[in-house]
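Comments concern the structure below.
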Amino acid sequence: MYVPNYIPEPEQVPGNLTTVLYAQRLQFIRQTLRRFVGAVAMIVGVGMLVPRTGDTLRLTIELLVCLLLVSSIRTFSRGTPAEPKVTAYTLPIVIGFFAVASRAWTTAGFPTWSVLVGIACFGIYASLCGRDFSFVGGYVLSLIFSSVLISFIMVEEGMTGPRSAQALLWNAGGLFYLVYDLAALLSRRRPNESWAASVDLFRDVFNFLGYFPRVMIHWNRHRILGDLSLENPFRT
């Protein structure tokens, strides 16, 4: 008897990273991370050059529109040979919009700097772990070390309790998104598409918005909701 999973299977493309040797997967992960970290460094650098602005909401909406347009490229050219190249060429545009928006977030008081600490820690882990790479282990170790560093910075800067908690939550959430999406990319990208994958790490925020409807459709199709009961299993 076929028993469906409670969550839908991840999207896969032919020749994806899950079908190749471990050494190729590890090389892809490190290449993608290096390019993503480099793009983040450029965002920080460009953000320091743009003028400060208080129009945080408008710039955030503009960034989301940019990511939505970039995501539409994948939607309408999925499976074509040109899609990875076209996606890679959009990276400078994504960097520019992120730089302006992140400058506004920092001006508004959001602890966006804490996310950078977690990204840096995970990048260091991926570079030093050798062949013993693990997404779960990398997340846990990076979260521990980045949280310690952030706590030290907060003590030195004399930050208040709410601001400190916000910084730690931003770090944990951003790090989780990075690790989870990077793992998911292994089934959606091929070995020679690390540049496009680095763009995916920016634009895949919309995947989370569409994931829950996918789960509900999957549950309805396989009648999984009928198997979930709120009744007390110990009731006699």
Side-chain angles (χ1 to χ4, degrees), residues 29-30 32-64 66-67 94-129 133-185 198-209 211-212:
I29 291 170
R30 287 174 173 159
T32 302
L33 270 177
R34 283 196 297 268
R35 288 162 181 174
F36 175 73
V37 172
V40 171
M42 293 185 65
I43 289 173
V44 174
V46 175
M48 295 176 64
L49 299 176
V50 299
R52 295 188 179 186
T53 176
D55 201 351
T56 307
L57 179 59
R58 178 180 62 82
L59 293 174
T60 301
I61 292 175
E62 290 178 355
L63 171 62
L64 292 177
C66 170
L67 295 178
V94 173
I95 289 174
F97 275 89
F98 255 103
V100 176
S102 61
R103 176 69 167 183
W105 298 337
T106 303
T107 304
F110 293 103
T112 52
W113 59 269
S114 62
V115 180
L116 303 178
V117 178
I119 293 174
C121 287
F122 188 70
I124 293 173
Y125 163 80
S127 299
L128 300 180
C129 67
F133 179 86
S134 166
F135 286 108
V136 176
Y139 175 77
V140 173
L141 290 176
S142 300
L143 181 62
I144 292 174
F145 281 104
S146 60
S147 297
V148 170
L149 289 174
I150 292 170
S151 299
F152 177 78
I153 294 172
M154 290 185 299
V155 170
E156 290 294 316
E157 296 294 327
M159 292 185 179
T160 61
R163 290 288 301 277
S164 301
Q166 191 180 31
L168 291 172
L169 287 174
W170 272 66
N171 172 56
L175 188 58
F176 176 81
Y177 167 79
L178 171 61
V179 176
Y180 179 87
D181 197 51
L182 183 59
L185 286 176
S198 65
V199 179
D200 290 340
L201 291 174
F202 289 105
R203 69 182 178 184
D204 279 351
V205 290
F206 290 105
N207 286 5
F208 282 83
L209 297 178
Y211 180 74
F212 294 104

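Only heavy atoms go into these numbers, but all of them, side chains included; no hydrogens, no water, no symmetry mates. Everything numeric here is computed off the predicted structure, so don't read it as measured data.
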Pairs of donor and acceptor atoms involving the side chains of residues 32-45, under 3.5 Å and at least two apart or interchain, shall be tabulated with distances.
residue, atom, partner, partner atom, Å
T32, OG1, F28, O, 2.8
R35, NH1, S194, OG, 2.2

Ring centroid separation F135 to Y180 under 6.0 Å:
no
Contacts of type side chain to side chain contact (heavy atoms under 4.5 Å, CB included), residue I61, not counting sequence neighbours
L57, V65
Could you work out, with side chain to side chain contact (heavy atoms under 4.5 Å, CB included) as the rule, every residue matching A167, not counting sequence neighbours?
P111, W113, S114, I150, M154
Apply side chain to side chain contact (heavy atoms under 4.5 Å, CB included) to S127 and list each qualifying residue two or more places apart in sequence or on a separate chain.
none
Are L67 and L63 close enough that some pair of their side-chain heavy atoms sits under 4.5 Å apart?
yes
Under the ring-ring contact (aromatic ring centres under 6.0 Å, His included) definition, can you give me all pairs with a residue in residues 143-174, not counting sequence neighbours?
F110-W170
Does L201 reach the side chain of L185, with side-chain heavy atoms less than 4.5 Å apart?
yes
Any donor and acceptor pair, going by atom type alone, linking the side chain of R103 with main-chain N or O of P51 inside 3.5 Å?
no
Measure the shortest side-chain to side-chain distance between S142 and I124 over non-hydrogen atoms and say whether it is less than 4.5 angstrom.
no
For F97, enumerate each residue passing the ring pair (Phe, Tyr, Trp, His ring centres under 6.0 Å) test, keeping only those at least two apart in sequence or located in another chain.
none
Parallel under 30°, tilted from 30 to 60°, perpendicular over 60°: which one fits the rings of F98 and W105?
perpendicular
Can you check side chain to side chain contact (heavy atoms under 4.5 Å, CB included) on I119 and S146, steps first, answer last?
CA-CA 9 Å; I119 293 174; S146 60; over 6 Å; no
